[in-house]
Amino acid sequence: MDGAENGEHSRKMVFVTVGTTCFDSLVKTVDSQQVREELSRKGYTDLLIQMGRGSYMPSKVSILVIQINCIACTNFFAGSGSIFETLRLGKPLIVVVNEDLMDNHQSELAEELAERKHLFYARPQTLHQTIQDMSPESLIPYSPGNPMPVVRLMNKFLGFPTD
Amino acid sequence: MEKDNDRRIWCFMLPVLVAIFVIRVLYVLYWTGKPIGSSKTHSLRTLIVLGSGGHTAEMLSIMNVLQNDIYTPRIYVAAATDNMSLKKARVLEESLMHQGENSGRKMIEAAQFIQIYRSREVGQSYITSVGTTLIAMAHALWLTLKIRPQVIICNGPGTCIPLCASAFLFKLLGLGWSHIFYVESIARLKKKFRRAHYVGCLM
């Protein structure tokens, strides 16, 4: 990932986030030779990992960021809260589901969005394959939802004006 | 003789009390979920339950557009082990305050941010969960008594169960009426609920 031989004028960053959870298997997979090579082949030059509560320390990484904000990223590996943030930003997204967590409604959501072609969906074991096969241009932009109908319903129920 | 009298009183009182309670339960079940027509009050004390990650994001997207002069004062509750949710809620409330100041509207009451004991942590054994659930329930009862919310908004994190249960209990006992709005999460894909109002996509 530190190859700068092509004399690039643009850098493409992959941002990996696990939110507030512990997802060591993802961090390990991303840190593996296989995935790094795959990302490099796709033209990504920088890797930024937000480790959350994990304990696995990636090798050869010079920057470790704890907070997610204000970085122009090209990719996310994320949890349910970040998924819609990323979709709204319009960045290509790969969701890697944490199979160790009991409540896996997150995977249903990711699968559904992948079926609708809004993002790519992978498990830690299949991540390198997904990166190899993916074409970010094939993704369909996600149109955000709207909380107003909920608010209008509440107002109507409680007898307040609905405008 | 006295013992007979006591027994007779109880034989009379017990069915009466049970009948009153059953009528109260039926009354509450009937009126729960019924719109209340035009409102007599100008503002409603609102309890907002936050959960981890996705839950909080969805809740805050609602709070962003909810009229902050009607739903006030606002009390945000999150689990004690949830570090991020209350911080995010504070940021939202601060921006609402600034918006209010800039537009010259009257000062709204400041929001409160409270942490509640969690019934069960992810991966916790079910045996110890019994104890922690009881503690969480007691804490929820205490908070409900202290806050007396008129509106509760939640979207399904475990944190909301003791609070909603307390609110319902208070309804049954006639100690206050909270309108509970359960906003189903976008992550709930497979199940359809017969009595739900489907109004669109939140996120």
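The chains referred to below are lettered A, B, ... by the order of the sequence lines, with proteins before strands, and numbering in each begins at 1. Just so it is clear, the structure is predicted and the values come from calculations on it, not from any experiment.
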Legend entry - Atom group of Leu202(B) that falls short of 4.5 Å from chain A, counting heavy atoms: both
Inset, instruction - Would you please name every residue forming a salt bridge (charged side-chain N to carboxylate O under 4.0 Å, His left out) with Glu184(B), sequence neighbours left out? - result: Arg188(B)
Inset, instruction - Could you tell me whether the side chain of Val199(B) reaches within less than 4.5 Å of the side chain of Arg152(A), counting heavy atoms only? - result: no
Legend entry - Greater than 12 external heavy atoms within 6.0 Å of Tyr30(B)'s OH: no
Legend entry - Enclosure of Arg24(B) CZ (heavy-atom neighbours >12, cutoff 6.0 Å): yes
Legend entry - Distance, nearest 0.5 Å, that separates SG of Cys201(B) from CZ of Phe84(A): 7.0 Å
Inset, instruction - Go through the atoms of Ile153(B) and report whether side chain, backbone, both or neither lie under 4.5 Å from a heavy atom of chain A. - result: side chain
Inset, instruction - For atom CZ of Phe193(B), decide whether the heavy atoms of other residues, nucleotides or ligands shown that lie under 6.0 angstrom number more than 12. - result: yes
Inset, instruction - Answer with side chain, backbone, both or neither: which region of Val183(B) has an atom nearer than 4.5 Å to a non-hydrogen atom of chain A? - result: side chain
Inset, instruction - List the atom of Pro147(A), the atom of Ser61(B), and the distance in Å for their closest heavy-atom pair. - result: CG-O, 3.3 Å
Legend entry - Distance (rounded to the nearest 0.5 Å) between Leu66(B) CG and Met154(A) CE: 5.0 Å
Inset, instruction - Give the minimum heavy-atom separation between Leu44(B) and Leu158(A), together with the two atoms involved. - result: CD1-CD1, 3.7 Å
Inset, instruction - Indicate the atoms forming the closest heavy-atom contact of Lys34(B) with Phe157(A), along with that distance. - result: O-CZ, 3.2 Å
Legend entry - Pairing residues for Ile161(B) by the side chain to side chain contact (heavy atoms under 4.5 Å, CB included) criterion, not counting sequence neighbours: none
Inset, instruction - Answer yes or no: does atom CD1 of Ile127(B) have more than 12 heavy-atom neighbours from other residues, nucleotides or ligands under 6.0 Å? - result: no
